[in-house]
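Below: one structure, written as structure tokens.
This structure is a prediction, so every number in the text was calculated from the model and none was measured. Values below: every heavy atom of this structure, side chains too, minus hydrogens, waters and symmetry copies. This chain uses plain numbering: 1 for the first residue, then up along the sequence.
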Amino acid sequence: QVQLVESGGGLVQAGDSLRLSCAASGRTFNIYAMGWFRQAPGKEREFVATIRWNSGNTYYADSVKGRFTISRDNVKNTVYLQMNRLKPEDTAVYFCASTAFVRVGAALARATGYDYWGQGTQVTVSP
């Protein structure tokens, strides 16, 4: 099993930056990809970014491309989400997820493509 713990959320103003971290423990050697999703009240869980663990290949949602950067440290078993030029519409609970299964890019952009989830960290962006 894999346990994921997110951290780094908080309250910021529009235009500010924030870095989220997700520390993985357990059977981390089996991780194929890790991703970030977010969910605002009354909204569906939305794909943000994903990274393939070994290759480092990344993919982003159009809403965050050019502002957010996903990266990983395979020694510390940690994935990061650097968020720049934050907007009020970025306000949500951000979740980290991992999968042990080989998946195509389209599957990694959907919540059903992941096996394990963290508890989430709140990001609030004021105008």
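Summarising the geometry, atom OG belonging to S21 is positioned 9.0 Å from atom NZ belonging to K76; distances are rounded to the nearest 0.5 Å. If you take CD on Q82 and CG on L18, they are separated by 8.0 Å, rounding to the nearest 0.5 Å. Atom-to-atom distance recorded for I51:CD1 and W53:CH2 is 7.5 Å, nearest 0.5 angstrom. Distance check, rounded to the nearest 0.5 Å: OG1 of T69 to CG of N84 gives 6.5 Å. Going from atom CZ of R110 over to atom OG1 of T50 covers 12.0 Å, rounded to the nearest 0.5 Å. Between the CH2 atom of W36 and the CE atom of M83 there is a distance of 8.0 Å, given to the nearest 0.5 Å.
No chain of hydrophobic side-chain contacts below 4.5 Å, direct or via other Ile, Leu, Val, Met, Phe, Trp or Tyr residues, connects L81 to F47. Taken together through direct or relayed side-chain contacts under 4.5 Å among Ile, Leu, Val, Met, Phe, Trp and Tyr, V64 and V12 form part of one hydrophobic cluster.
For the salt bridge (Lys or Arg N to Asp or Glu O under 4.0 Å) test, residues two or more places apart in sequence or in another chain that qualify with R67 are D90. Among residues two or more places apart in sequence or in another chain, the side-chain contact (heavy atoms from CB on, under 4.5 Å) test is passed with R45 by F37, Q39, F95, W117. Residues passing the side-chain contact (heavy atoms from CB on, under 4.5 Å) test with Q3, sequence neighbours excluded: S25.
The number of heavy atoms from other shown groups lying within 6.0 Å of CD (E89) is above 12.
Heavy-atom minimum distance, A40 versus A92: N-CB, 3.9 Å. Across all their heavy atoms, S17 and R85 have their closest contact at OG-N, 4.3 Å. Listed here is the closest heavy atom pair of T121 and G9: OG1-N, 3.2 Å. Residues A24 and V2 come closest through the heavy atom pair CB-CG1, 4.3 Å. Nearest heavy atoms, Q122 versus T91: NE2-CG2, 4.1 Å.
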What pairs of donor and acceptor atoms, side-chain ones from residues 28-35 against any protein atom, are under 3.5 angstrom apart with sequence neighbours left out?
| from | atom 1 | to | atom 2 | distance (Å) |
| --- | --- | --- | --- | --- |
| T28 | OG1 | N77 | ND2 | 3.4 |
| Y32 | OH | R52 | NH1 | 2.4 |
| Y32 | OH | R103 | O | 3.4 |

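Side chains of R38 and S63 form a contact here, defined as non-hydrogen atoms less than 4.5 Å apart. Inter-residue side-chain proximity for Y60 and I70 is flagged as met; some heavy-atom pair is nearer than 4.5 Å.
Put simply, the side chain of Y80 never gets that close to the backbone of D73: no donor and acceptor are under 3.5 Å apart. The closest donor-acceptor contact from the side chain of Y114 to the backbone of L108 lies under 3.5 Å.
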Original post:
Could you go step by step and tell me if C96 and V79 meet the side-chain contact (heavy atoms from CB on, under 4.5 Å) rule?
Top reply: CA-CA 8 Å; C96 176; V79 65; 3.7 Å; yes
Original post:
What do the steps show when you test F68 against L86 for side-chain contact (heavy atoms from CB on, under 4.5 Å), and what is the final call?
Top reply: CA-CA 9 Å; F68 291 9; L86 284 162; 3.9 Å; yes
**OP:** Before giving the answer on side-chain contact (heavy atoms from CB on, under 4.5 Å), spell out for R72 and C22 the whole-Å C-alpha distance, their side-chain angles and the decisive distance to 0.1 Å.
**Re:** CA-CA 9 Å; R72 91 276 193 250; C22 175; over 6 Å; no
**OP:** Could you go through the side-chain contact (heavy atoms from CB on, under 4.5 Å) check for L4 and E6 one step at a time?
**Re:** CA-CA 7 Å; L4 305 173; E6 303 97 334; 5.5 Å; no
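Here F101 is tied to no hydrophobic group at all, with no ILVMFWY side chain closer than 4.5 Å. With a 4.5 Å cut-off between side-chain heavy atoms of Ile, Leu, Val, Met, Phe, Trp and Tyr, the cluster of V75 takes in none.
No hydrogens or angles considered: a donor-acceptor pair under 3.5 Å links the side chains of D115 and T99.
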